[in-house]
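The block underneath contains the structure these notes are about, expressed in C-alpha cells.
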Amino acid sequence: MKTKSTAPAARRRGLSEIERKKRVFAYSMIAPVILIFGFVRILPIFQNFLYSFFHSSIGNPLEKFLGLANFTDLFKDHLFILSLRNTTFFALFVTFFSVIFAVLLAVMLSSPTRGGAFYETVYFLPVITPMVPVAVVWKWIYDPTYGLLNYILSWFGVAPVGWLVFPDTAMIAIIIMSVWKIVGYNMIIFLVGIRDIPESYLEAARIDGANTLQVFRRITLPLLRPIMLFVLVISTINSYNVFTQVFIMTSGPQGAPGNAVRTIVFDIYENAFRYFRTGYAAAEAVVLFLIILALTLTQFGISGSRERRERSRLKRKGASA
Amino acid sequence: MRNYTGKAPLLAKHLTLLAGAAVMILPFVWMLSTSLKPPHEVLSWPPQLIPRTFTLENYRTVFATAPFVRFFFNSLLMASVSTVAILLTSATAGYVFAKFDFPFKNFLFILTLSTAMVPLEVYMIPLYMSMVRMGWVNTFIGLVAPYLIMSYGIFFMRQNIMASIPDELLDAARIDGASEWKIFRIVVFPMLSGPIGAISIFAFQQTWAAFIWPLIITSSRELWTMELGLGMFQYRFTVDLGPINAGSILSLIPVLAVFLVMRKKIIQGITLTGMKA
C-alpha cells in the first residue's frame with residue numbers, strides 16, 4: 001500500500017490515526033535538523049548579505065547603513081584587487097595542471113595494470129590527509145638552505161632557489177603543493193568515467209584502424225565531457241576557497257611574504273578577525289559567493305543545455321525513423 | 001588506452017606511474033624521516049632520506065613543549081561528536097525526506113541541499129558573531145557547532161533509503177502496531193550500514209582537518225585542535241623542524257589509519273556521491 005493513495009482520502013476525513021502519527025514523527029525528526037541548519041548555515045548566509053551593506057563591528061553588526069559603499073571601496077582597495085587576482089591565478093593553474101595530470105593517470109590506470117590498486121592508493125593519499133601537516137612538510141621541502149627540493153634540483157645543476165621568499169616562486173610553490181594535494185581526487189573521478197565507457201566503442205574504433213591517440217581524442221575525451229566539466233568546476237571552486245596552505249606557508253620567519261600569495265579568504269580573515277572590519281569583510285565574502293555561484297550555474301547551465309540538445313536530437317531521430 | 005600492445009609502451013607507462021608515485025609519497029617519507037632524526041642531522045647537507053641514527057626524542061619534545069596530548073584529544077572529541085551528530089541528522093532527515101509527505105517538504109529539502117555549495121568561508125563572519133551573542137566563543141559547543149550537519153549526508157541517505165527500503169516493509173511494520181520511532185530504530189537504521197560507513201568516514205576526516213573555524217573561534221590553547229596546534233606551533237618555533245614533523249606525523253595517524261583500512265569504501269563513496277574529501 002502506497003502512502004500516496006491513502007493520503008487524499010485521509011485528508012478529506014481529517015488524517016487517519018496512522019497518518020497523524022506519521023506526520024508527528026516526520027515533524028519531530030526534521031525539526032531539530034532544520035533548526036541546526038537554520039542556525040549554522042541558512043541564517044548566517046543571509047546575514048552575510050545583510051552585513052555587507054553596513055558598517056559593522058563584532059558587537060554591533062548593523063552599526064551604520066552604507067548602501068553599496070563597502071563594495072565600491074572594495075574595488076578601490078589594492079589589497080583586495082591583489083587577492084582577487086592572486087586567487088584567480090592560483091585557481092586557474094591548480095585546476096589546469098591537476099586536470100591534465102589526473103586525465104593522464106586515469107587513462108594509464110584504466111586498463112588492467114599490475115599494481116593498479118597500489119597506485120590508486122598512493123595517488124589518493126594526499127587527498128585524504130589534512131592540509132596542515134602536509135603544508136608544514138612542504139614548507140620544509142621548499143626551505144632555501146636545507147630543503148629537499150633544492151637538493152634534488154642541485155643534481156641537475158640548478159642553483160638554490162628561495163622558493164617561499166620571492167613573490168613569483170612563492171605562488172608557484174603553493175600551486176605545486178596544491179596540485180599534489182588534489183590530483184588524486186580528480187584522477188579517481190576520471191577513472192570511473194573512463195571505466196564506464198563501453199569497451200565495444202573503443203573496440204569498434206580500433207577495428208576501423210584508429211591508433212591509441214586517435215581513440216583517446218575521438219572517443220574517450222568526448223565521452224568524458226560531462227565529468228570533465230564537473231571536475232573543472234569543483235576544482236576551481238575549491239581553489240577559490242584556498243586558505244590553510246597559504247596561512248601555513250606565509251607565517252613565521254621562514255614563510256613567504258604575505259602579500260605575494262594573499263588570497264581572497266586570507267584577506268577576508270585579516271579584515272574580519274584582525275582589523276575587525278566585519279561589514280567590509282562580509283562584502284568580500286559576497287564577492288566570493290558570487291564567483292562560486294557563477295561557476296556552479298555555468299556547470300548546471302552547460303550540462304542542462306547539452307541534455308536538452310541530446311533529447312531533441314533523439315526526438316528528431318525517432319520521428320524520422 | 002586499454003590494451004597496450006608491445007613492451008616499450010608498457011614499460012614507459014610503469015616508469016611514469018612509479019615516478020609519479022614517488023613524488024606523491026616523498027613528502028610523507030620526508031616528514032617521517034625528519035621526525036626520527038636527532039637535531040644535528042635534521043639540518044645536514046646533503047639531506048639524508050634515511051636517518052643515520054633513529055631517535056624518538058622529537059616526539060618527547062613535542063609533548064613536553066606544547067600540550068599536544070590535549071590537542072589530540074580535542075580533535076578526537078570534536079571529530080567524534082561531529083561524526084555522530086552528522087550520522088543522526090543525516091539518517092533522520094534523509095529518512096523523513098525519502099518516506100514521508102508533509103507541507104513544505106520539497107522546499108525544506110531544496111533549502112538544505114542548496115546550502116551545500118556555499119563554503120563556510122562565505123558565512124563565517126555572521127556565524128562567528130552569532131557565537132559571540134550566544135557566549136559560545138572559545139567553548140567546545142562553539143567549536144563543533146558548524147560540523148553537526150552535512151547537506152551531502154542528508155542527500156546521500158535519502159537516495160539510499162529511496163532505493164533500498166520498500167514502502168511495503170514500513171507499512172507492514174505499521175500494521176503490526178510498531179511505533180514510527182521503533183520502525184526507524186529497528187527496521188530502517190540497521191539497513192543503512194553502507195551509507196553510514198561512507199558518511200562517517202567523510203564526516204570524521206572533514207572535521208579532523210578543519211582549520212579556519214578553530215582558528216577564529218578559539219582563543220585559549222585548552223581548546224586547540226591538533227591542526228590548529230600544529231599550525232600555531234610551526235608559526236612560533238619554525239626552526240625546531242624535528243618536533244614539528246613529529247607533531248605532523250601524530251596528526252596524520254588517525255586519518256591515515258582509517259584510510260588504509262577502509263580504502264575501497266572511501267574511494268567508492270567518493271565516486272558514488274561526488275563528495276569532496
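Letters A, B, ... are given to chains in the order of the sequence lines, protein chains preceding strands, and every chain is numbered from 1.
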For this session: Go through the atoms of B/M226 and report whether side chain, backbone, both or neither lie under 4.5 Å from a heavy atom of chain A.
Result: neither

Exercise. CG/B/L43 to CG/A/D143 distance, rounded to the nearest 0.5 angstrom?
Worked result: 7.5 Å

For this session: With a 4.5 angstrom heavy-atom cut-off, could you sort out which part of B/I149 is near chain A: side chain, backbone, both or neither?
Result: both

Exercise. What part of A/V287 gets closer than 4.5 Å to chain B, counting heavy atoms only: side chain, backbone, both or neither?
Worked result: neither

Problem set entry | Engaged part of B/F100 at the chain A interface, taking heavy atoms whose separation is under 4.5 Å | side chain

Exercise. Is the closest side-chain heavy-atom distance between A/K21 and B/S179 below 4.5 Å?
Worked result: no

Problem set entry | Side chain to side chain, A/V137 and B/S248, heavy atoms closer than 4.5 Å | no

For this session: Could you look at A/T145 and say if it's the side chain, the backbone, both or neither that has a heavy atom under 4.5 Å from chain B?
Result: backbone

For this session: Examine whether an atom of B/V42 lies under 4.5 Å from a heavy atom of chain A, and if so say whether it belongs to the side chain, the backbone or both; otherwise answer neither.
Result: both

Exercise. For the atom pair CD (B/Q48) and OH (A/Y151), what is the distance rounded to the nearest 0.5 Å?
Worked result: 7.5 Å

Exercise. Got B/L18 and A/Y119 here, is their nearest side-chain heavy-atom distance under 4.5 Å?
Worked result: yes

For this session: Flag the one option from B/V122, B/T92, B/V96 with the top tally of heavy-atom pairs under 4.5 Å to chain A.
Result: B/V122

Exercise. Which region of B/V132, side chain (C-beta onward) or backbone (N, CA, C, O), has a non-hydrogen atom less than 4.5 Å from a non-hydrogen atom of chain A, or is it both or neither?
Worked result: side chain

For this session: Please flag which part of A/L109 lies under 4.5 Å from any non-hydrogen atom of chain B: side chain, backbone, both or neither.
Result: side chain

Exercise. Does any heavy atom of chain B fall under 4.5 Å from the side chain of A/S57, the backbone, both, or neither of them?
Worked result: backbone

For this session: Please look at A/A281 and chain B and tell me whether the side chain, the backbone, both or neither of the residue comes under 4.5 angstrom of a heavy atom of that chain.
Result: both

Problem set entry | Worked verdict on B/F233 versus A/V136 for side-chain contact (heavy atoms from CB on, under 4.5 Å) | CA-CA 10 Å; B/F233 189 63; A/V136 167; over 6 Å; no

Exercise. Side chain, backbone, both or neither: which part of A/W138 has an atom under 4.5 Å from a heavy atom of chain B?
Worked result: side chain

Seminar exercise, completed: Given B/S44, B/S251, B/S151, B/G247, the one with more heavy-atom pairs under 4.5 angstrom with chain A than any other is B/S151

For this session: Would you indicate whether the side-chain heavy atoms of A/Y27 and B/P103 approach each other to under 4.5 Å?
Result: yes

Seminar exercise, completed: Checked B/P146, B/P27, B/A209 vs chain A; the most non-hydrogen pairs under 4.5 Å come from B/P27

For this session: Would you mind checking which part of B/L260 comes under 4.5 Å of any heavy atom in chain A, side chain (CB onward), backbone (N, CA, C, O), both or neither?
Result: side chain

For this session: Run the numbers on A/F37 and B/T89 for side-chain contact (heavy atoms from CB on, under 4.5 Å), then give the verdict.
Result: CA-CA 10 Å; A/F37 246 100; B/T89 52; over 6 Å; no

Exercise. So, B/T112 versus A/R41: side-chain donor-acceptor pair below 3.5 Å or not?
Worked result: no

Seminar exercise, completed: Separation between CD1 (A/I292) and CD (B/E121), nearest 0.5 Å, reads 8.0 Å

Exercise. When heavy-atom pairs shorter than 4.5 Å are enumerated against chain A, which of B/I216, B/L148, B/V118, B/V255 gives the highest number?
Worked result: B/I216

Problem set entry | chain B contacts, top residue of A/L105, A/L295, A/T244, A/L43 (heavy-atom pairs, under 4.5 Å) | A/T244

For this session: Any chance you could measure B/E180, atom CD, to A/S28, atom OG, to the nearest 0.5 Å?
Result: 9.5 Å

Problem set entry | Interatomic spacing from CH2 in B/W208 to CD1 in A/I128 - rounded to 0.5 Å | 14.0 Å

Exercise. Where does the angle between the aromatic ring planes of B/Y128 and A/F273 fall among parallel (under 30°), tilted (30 to 60°) and perpendicular (over 60°)?
Worked result: perpendicular

Exercise. At a heavy-atom separation under 4.5 Å, does A/T296 approach chain B through its side chain, its backbone, both, or neither?
Worked result: side chain

For this session: Applying side-chain contact (heavy atoms from CB on, under 4.5 Å), run through B/I125 and A/I268 and close with a yes or a no.
Result: CA-CA 9 Å; B/I125 299 164; A/I268 294 176; 3.8 Å; yes

Exercise. Which bit of A/A117 comes within less than 4.5 Å of chain B, counting heavy atoms only: side chain, backbone, both or neither?
Worked result: both

Exercise. Less than 4.5 Å apart, any side-chain heavy atom of B/Y95 and any of A/M29?
Worked result: no

Problem set entry | Which portion of B/L250 sits near chain A, non-hydrogen atoms under 4.5 angstrom | neither

Exercise. Tell me, side chain or backbone of A/L290 under 4.5 Å from chain B's heavy atoms, or both, or neither?
Worked result: neither

Seminar exercise, completed: Most contact-rich option vs chain A, by heavy-atom pairs under 4.5 angstrom, among B/T115, B/I183, B/V258, B/L170, is B/T115

Problem set entry | Side chain, backbone, both or neither of B/P254 within contact of chain A (heavy atoms, under 4.5 Å) | neither

For this session: Walk me through it: do B/F211 and A/I248 pass the test side-chain contact (heavy atoms from CB on, under 4.5 Å)?
Result: CA-CA 11 Å; B/F211 184 71; A/I248 299 291; 4.2 Å; yes

Seminar exercise, completed: What one should report as the nearest heavy-atom pair of B/M31 and A/P133 is CE-O, 3.6 Å

For this session: Please state whether the side chain, the backbone, both or neither of B/I154 comes within less than 4.5 Å of a heavy atom of chain A.
Result: side chain

For this session: Taking atom types as modelled, find out whether A/T113 and B/K13 have a side-chain donor-acceptor pair closer than 3.5 angstrom.
Result: yes

Seminar exercise, completed: One should read off an interatomic distance between B/I25 CD1 and A/Y123 OH, to the nearest 0.5 angstrom, of 10.5 Å

Problem set entry | Geometric class of the A/W140/B/W30 ring pair [parallel <30°, tilted 30-60°, perpendicular >60°] | parallel

